[in-house]
Enquirer: 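I have a structure I would like to understand better, so I am pasting it below and will then ask my questions one at a time.
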Amino acid sequence: DPGKEVPWHANEDTEQVMFVLEGEVEMTIEEETATLRAGDVVVVNRGLNHKLYSEGGVTFMEALAPVPLDHVPDKTLDLVLGPDGGSQHVER
């Protein structure tokens with residue numbers, strides 16, 4: 001949504017990849033700020049502080065690995081755990 005902000009945070013146990021589909025977002029990772037536009041990809045390594053702000057709105061896809069289970073609304077429908085029962089996923 002326009003004016004949306006994600007405040008400073010860090011994903012301590014996961015790596016994050018974001019692919020911007022449309023719009024623009026200003027992303028700050030630690031001390032570096034960049035404006036990302038459609039087609040841009042950014043990788044946020046685990047433990048790095050980062051924040052986002054989009055004045056006009058943005059649509060992006062993101063992947064987190066391992067998957068933090070607090071990002072999965074319904075573990076029975078939205079996550080395939082596999083034979084290890086999801087032992088590599090991050091519980092929050």
Side-chain angles (χ1 to χ4, degrees):
D1 291 333
K4 176 77 176 185
E5 181 175 17
V6 177
W8 283 109
H9 67 286
N11 302 312
E12 296 299 330
D13 300 306
T14 62
E15 306 293 334
Q16 177 179 4
V17 177
M18 289 177 53
F19 176 67
V20 180
L21 298 170
E22 60 183 46
E24 292 184 356
V25 63
E26 182 179 274
M27 183 168 203
T28 303
I29 302 174
E30 297 288 332
E31 308 277 325
E32 186 176 341
T33 300
T35 299
L36 306 173
R37 295 173 179 84
D40 288 341
V41 175
V42 63
V43 175
V44 183
N45 294 99
R46 67 184 70 200
L48 294 181
N49 291 305
H50 57 286
K51 66 179 181 175
L52 299 104
Y53 173 73
S54 179
E55 185 173 322
V58 66
T59 302
F60 62 85
M61 293 188 317
E62 74 176 342
L64 299 165
V67 175
L69 293 179
D70 65 345
H71 281 56
V72 181
D74 184 338
K75 293 172 193 66
T76 62
L77 297 175
D78 299 329
L79 181 66
V80 178
L81 295 177
D84 70 351
S87 64
Q88 299 302 307
H89 296 290
V90 179
E91 187 86 51
R92 287 267 178 224

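Atoms considered below: every heavy atom in the structure, side chains included; atoms not considered: hydrogens, waters and symmetry mates.
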Enquirer: Measure the spacing between CG of Leu52 and NE2 of His9 and express it to the nearest 0.5 Å.
Expert: 7.0 Å

Enquirer: Would you say Ile29 and Tyr53 are hydrophobically clustered, going by side-chain heavy atoms of ILVMFWY under 4.5 Å?
Expert: no

Enquirer: How far apart are the closest heavy atoms of Gly56 and Pro2, and which atoms are they?
Expert: O-CG, 3.6 Å

Enquirer: Quick one: do Phe19 and Val43 end up in the same hydrophobic cluster if we chain Ile, Leu, Val, Met, Phe, Trp and Tyr together by side-chain heavy atoms under 4.5 Å apart?
Expert: yes

Enquirer: With hydrophobic residues grouped by side-chain heavy-atom distances under 4.5 Å, do Val44 and Val6 end up in a single group?
Expert: yes

Enquirer: To the nearest 0.5 Å, how far apart are OG1 in Thr59 and CG in Asp1?
Expert: 9.5 Å

Enquirer: Which heavy-atom pair separates Pro7 from Lys51 by the least distance, and what is that distance?
Expert: C-CB, 3.9 Å

Enquirer: Run the numbers on Val58 and Leu36 for side-chain contact (heavy atoms from CB on, under 4.5 Å), then give the verdict.
Expert: CA-CA 9 Å; Val58 66; Leu36 306 173; over 6 Å; no

Enquirer: Determine whether more than 12 heavy atoms belonging to other residues, nucleotides or ligands lie under 6.0 Å from atom CD of Glu55.
Expert: no

Enquirer: Would Met61 end up clustered with Met18 when hydrophobic side chains under 4.5 Å apart are linked, directly or stepwise?
Expert: no

Enquirer: For residues Ala10 and Asn49, report the shortest heavy-atom separation together with the two atoms involved.
Expert: CB-OD1, 3.6 Å

Enquirer: Using the test salt bridge (Lys or Arg N to Asp or Glu O under 4.0 Å), find all partners of Glu30 that sit at least two apart in sequence or belong to another chain.
Expert: none

Enquirer: What's the spacing between Leu48 CG and Glu15 CD if we round to 0.5 Å?
Expert: 8.5 Å

Enquirer: Out of Thr28, Val42, Asn45, Asn11, which one pairs with His50 under the side chain to side chain contact (heavy atoms under 4.5 Å, CB included) rule?
Expert: Asn11

